[in-house]
Amino acid sequence: MHAHQRPPTLGVVAALTYVLAALAPYVLLEVETSVLEVYYAAGLAGPNLLSLFALVAVVLFAAGRQTRTEPDLVAGVTLVLGLVLLAVTALWAVSVPESVVFEPGADWFVYHRWLTTAISAVIPAAAVWYARTLDLV
């Protein structure tokens, strides 16, 4: 793998991990759907909706990695997309009511929103790394 392919590969992996993290409560928790509806309804948008942004980032990073799209364009667009994703995910994470995260009784669920936010931070980080690899910064 060439050095200029590593950052977009990280971006693809991070964006796919974000989607998996967003869907994990639906698969791993046995709770009423109303609990998850309240959980994901906090803030402007929850990760279940923001996963669409992450899937767009997957396509963009993959196109840049394979040079099907101008790499500098991909680095810029994924940076903006990643920063928006990070900001809205962080807003969602601080907006979730505490009572909702303790209701399912799963220890990992208490940390799910913070883990999802941390994963979302990797996407713009990969875009910055990609821009640096392309000598744009």
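Model, not experiment: these values are computed from the prediction.
- By the criterion of side-chain heavy atoms lying less than 4.5 angstrom apart, applied directly or through intervening Ile, Leu, Val, Met, Phe, Trp or Tyr residues, V96 is grouped together with L36 in one hydrophobic cluster.
- Taking the side chain as every heavy atom from C-beta outward, F53 and V88 never approach each other to under 4.5 Å.
- To the nearest 0.5 Å, atom CD1 of residue I119 and atom CH2 of residue W114 are 14.0 Å apart.
- Side-chain heavy atoms closer than 4.5 Å link hydrophobic residues (I, L, V, M, F, W, Y) into clusters, and following such links, possibly through other members, connects V74 to L136.
- For E70, the CD atom counts as loosely surrounded, since its 6.0 Å shell holds 12 or fewer non-hydrogen atoms of other residues, nucleotides or ligands.
- Atoms CG and CG, on D135 and D72 in that order, are 11.5 Å from each other to the nearest 0.5 Å.
- In this structure, a donor-acceptor pair under 3.5 Å is absent between the side chains of R6 and T133.
- We find the OG1-CG distance between T117 and L91 to be 10.0 Å, quoted to the nearest 0.5 Å.
- Between L81 and I123 there is no side-chain heavy-atom pair separated by less than 4.5 Å.
- For the pair Q5 (side chain) and H2 (backbone), a donor-acceptor distance under 3.5 Å is present.
- Using cut-offs of 30° and 60° on the angle between ring planes, the pair F109 and Y39 is tilted.
- Of all non-hydrogen atoms in R113 and V110, the two that sit nearest each other are NE-O, 4.0 Å.
- At a threshold of 4.5 Å between side-chain heavy atoms, the hydrophobic network of Ile, Leu, Val, Met, Phe, Trp and Tyr places L16 and V27 in two separate groups.
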Next on the checklist: V38 vs V35, test: side-chain contact (heavy atoms from CB on, under 4.5 Å). Steps then yes/no.
Outcome noted: CA-CA 5 Å; V38 171; V35 172; over 6 Å; no

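- Side-chain atoms of T9 and Y130, non-hydrogen and from C-beta on, never get closer than 4.5 Å to each other.
- In this structure, A15 and A54 approach most closely via the heavy-atom pair CB-O, 3.4 Å.
- Within a 6.0 Å sphere centred on OH of Y40, other residues, nucleotides and ligands contribute more than 12 heavy atoms.
- The shortest side-chain heavy-atom distance between V100 and P97 falls under the 4.5 Å cut-off.
- Across all non-hydrogen atoms, the minimal contact from P124 to L86 is CG-CD2, 4.4 Å.
- Using a 4.5 Å heavy-atom threshold, the side chains of P8 and W129 count as separate.
- Residue L44 is not grouped with residue L83 when hydrophobic side chains (ILVMFWY) are merged at heavy-atom distances under 4.5 angstrom, including chains of intermediate members.
- Scanning both residues, Y18 and S120, for their nearest heavy atoms gives CE1-CB, 3.6 Å.
- Expressed to the nearest 0.5 Å, how far CG of L73 lies from OG1 of T78 amounts to 9.0 Å.
- Linking Ile, Leu, Val, Met, Phe, Trp and Tyr whenever their side-chain heavy atoms come within less than 4.5 Å leaves V122 and V77 in two separate clusters.
- Separation of atoms CZ (F61) and OG1 (T69) is listed at 12.5 Å; rounding is to 0.5 Å.
- Note that the CG atom of L29 and the NE2 atom of H112 stand 8.5 Å from one another [nearest 0.5 Å].
- Remark: Y26 OH is packed, more than 12 non-hydrogen atoms of other residues, nucleotides or ligands lying under 6.0 Å away.
- Taking all atoms of both residues into account, the shortest heavy-atom contact from G64 to P71 is O-CG, 4.4 Å.
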